[in-house]
Amino acid sequence: MAGKMSTKLDEVAQKSSMDDAKKKLLGTIADMLERKNIDLSEIGEIKKVSLYQSMLKDEQGEAQIHDLAAIQFSPKWESGPEWPVVQQGKPVQLQKSNTKPKAPSGFKTCVIPPDIQIGYFRNQEGQLEPTHDEAAISILLSLIKEMQPELVVMVGDNLDLPEMGKYLTYPAYAQTTQAAIDRATMLCAQLRAAAPYARIIWLAGNHEERMPKYILTNAGAAYGLRKGNTPESWPVLSVPYLCRMEEYGVEYFPGYPAADFWVNKKLRIIHGDRVKSSGSTAHVYLNAEKTSVIYGHIHRIECAYKTREDYDGPRTIMAASPGCLARIDGAIPSTKGGVDLDGRPLVRHENWQQGIGIVQYEDDGEHKFSYECMTIYNGWSMFRGKEYRAQ
């Protein structure tokens with residue numbers, strides 16, 4: 001680069017035919033570049049060199065002649081950097097893959113319907129209006145019929161039983177228990193018809209637990225009564241007996257909140273007794289449980305994972321809630337709901353979501369499983385590329 005500048009300055013010096021002028025000029029330009037902090041290595045092409053003189057008076061008023069020089073050049077990086085510019089990756093052509101996805105071998109299916117809250121209230125015309133969502137139940141039955149699962153595990157609170165609860169019962173909900181029992185009996189029959197060979201489990205939730213507590217409080221002598229000479233049968237004033245579960249092959253697991261069902265050695269289903277309204281209930285279970293758990297009770301769709309360091313390496317567990325199959329518009333009595341002067345519920349949408357849990361699982365080997373949630377919106381759902389609408 002210095003050679004380019006020297007060549008240009010040689011031309012200028014030859015024109016002036018002054019060797020001493022050349023030296024002086026080189027020094028002047030060098031001083032100028034130094035004052036401007038310009039490195040010679042940064043100079044690209046020298047385009048123009050100008051020489052001129054300037055006259056200035058000194059302190060005594062005497063005229064002084066100053067030789068000046070100017071240089072015009074382009075930076076070395078004007079045409080681009082010296083290092084290679086990042087380019088697109090080289091084009092790649094691969095042979096067409098012959099790999100085809102295959103159905104999982106050795107895996108079974110479990111469908112998990114959450115909190116259905118079967119119940120009724122009377123509207124202004126005196127007709128029974130459900131607190132459960134018939135459209136969501138219709139989608140549940142279509143899914144079970146389509147998938148033909150080996151297991152159906154209902155997490156509990158499938159009956160609402162407001163007349164037997166500890167809270168004040170408004171007239172609109174009075175004398176609706178029989179209608180709820182009849183609908184729950186129909187549900188047992190519908191589940192069996194949809195999945196003839198499935199094992200169907202009904203876990204007791206806190207709402208089913210209302211019935212034995214109500215009997216103990218108001219008619220203790222009737223608690224535990226059975227048909228004559230049938231000590232192994234269910235008590236006649238119990239949810240499994242009233243809903244004819246034995247006739248439809250539905251297994252009832254009483255004893256909320258202790259009731260649970262193990263899908264395999266790594267996944268447990270419970271109704272649940274934890275609620276974290278301002279955050280994630282799933283993380284409460286993750287901090288308390290040592291294995292993966294699917295729970296109900298909160299009526300919200302949640303799913304979270306946690307990985308812990310174990311002796312054998314990392315161990316990941318899951319906690320999930322599939323939501324509910326109840327109405328979410330205030331029909332179910334709750335602490336956030338309200339009623340009019342006739343005791344009928346006002347429309348008030350809760351922070352609840354409707355959904356169904358689906359698990360693919362192994363019941364031997366490594367006991368692997370995969371969890372999915374089928375969300376439902378106003379009687380419609382899309383799951384695994386198939387559209388489901390309420391019938």
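Computed from a predicted model, the values in this text were never measured in an experiment.
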Can you list the residues that meet the salt bridge (Lys or Arg N to Asp or Glu O under 4.0 Å) rule with Glu134, with sequence neighbours excluded?
Arg183
Short side-chain to backbone donor-acceptor contact, His132 and Gly119, under 3.5 Å
yes
Begin from the C-alpha positions of Leu191 and Val250 and carry the test side-chain contact (heavy atoms from CB on, under 4.5 Å) through to its verdict.
CA-CA 9 Å; Leu191 290 171; Val250 176; 5.7 Å; no
Sequence neighbours left out, what pairs pass ring-ring contact (aromatic ring centres under 6.0 Å, His included) with at least one residue falling in residues 317-339?
none
Just jot down the salt bridge (Lys or Arg N to Asp or Glu O under 4.0 Å) partners of Lys108, sequence neighbours excluded, or say none.
Asp363
Under a single-linkage rule joining Ile, Leu, Val, Met, Phe, Trp and Tyr whose side-chain heavy atoms are separated by less than 4.5 Å, which residues share a cluster with Ile328?
Ile332, Trp352
Any chance you could lay out the salt bridge (charged side-chain N to carboxylate O under 4.0 Å, His left out) test for Glu372 and Arg384, step after step, and finish with the verdict?
CA-CA 10 Å; Glu372 300 172 86; Arg384 295 183 182 178; 2.3 Å; yes
Less than 4.5 Å apart, any side-chain heavy atom of Ser334 and any of Tyr167?
no
Step through the shown structure and confirm whether more than 12 heavy atoms of other residues, nucleotides or ligands are within 6.0 Å of CE on Met186.
no
Do Glu150 and Tyr361 have side-chain N/O donor and acceptor atoms under 3.5 Å apart?
no
Enumerate the ring-ring contact (aromatic ring centres under 6.0 Å, His included) contacts for residues 304-350, please, sequence neighbours excluded, ordered by first and then second residue.
none
Kindly give the cluster partners of Leu286, where membership spreads through any ILVMFWY side chain lying under 4.5 Å from a current member.
Ile317
Apart from Leu346 itself, members of its ILVMFWY cluster (side-chain separation under 4.5 Å) are none
For a quick test of your reading: what N or O donor-acceptor pairs under 3.5 Å do the side chains of residues 110-118 make, sequence neighbours left out?
residue : atom : partner : partner atom : Å
Asp115  : OD1  : His297  : N            : 3.2
Asp115  : OD2  : His297  : N            : 3.3
Asp115  : OD2  : His299  : NE2          : 3.3
Gln117  : OE1  : His299  : NE2          : 3.2
Gln117  : NE2  : Asp160  : OD1          : 2.6

Besides Leu128, the hydrophobic cluster formed by Ile, Leu, Val, Met, Phe, Trp and Tyr side chains linked at under 4.5 Å, directly or via other members, contains Tyr120
Would you give me the side-chain donor-acceptor pairs under 3.5 Å for residues 254-270, sequence neighbours excluded?
residue : atom : partner : partner atom : Å
Tyr256  : OH   : Gly272  : O            : 3.2
Asp260  : OD2  : Arg268  : NH1          : 3.1
Asn264  : OD1  : Lys266  : N            : 2.9
Asn264  : OD1  : Leu267  : N            : 3.1
Asn264  : ND2  : Glu362  : O            : 2.8
Asn264  : ND2  : His367  : O            : 3.1
Lys266  : NZ   : Glu366  : O            : 3.1
Arg268  : NH2  : Glu289  : OE1          : 2.9
Arg268  : NH2  : Glu289  : OE2          : 3.2

Quick note, ring-ring contact (aromatic ring centres under 6.0 Å, His included) partners involving residues 221-249, not counting sequence neighbours, are Trp234-Tyr252
Whether over 12 other heavy atoms sit under 6.0 Å from Lys227 NZ
no
Can we say Glu302 and Lys276 salt-bridge, meaning some charged N sits less than 4.0 Å from an Asp/Glu carboxylate O?
no
Do the side chain of Glu208 and the main chain of Asn158 share a donor and acceptor less than 3.5 angstrom apart?
yes
CZ (Arg244) with more than 12 external heavy atoms under 6.0 Å:
no
Salt bridge (Lys or Arg N to Asp or Glu O under 4.0 Å) involving Arg315 - partner list, sequence neighbours excluded
none
Please check if atom CD in Gln175 has more than 12 non-hydrogen atoms from other residues, nucleotides or ligands closer than 6.0 Å.
no
Looking only at side-chain N and O atoms, does Gln353 offer a donor or acceptor that is under 3.5 Å from a partner on Asn351?
yes
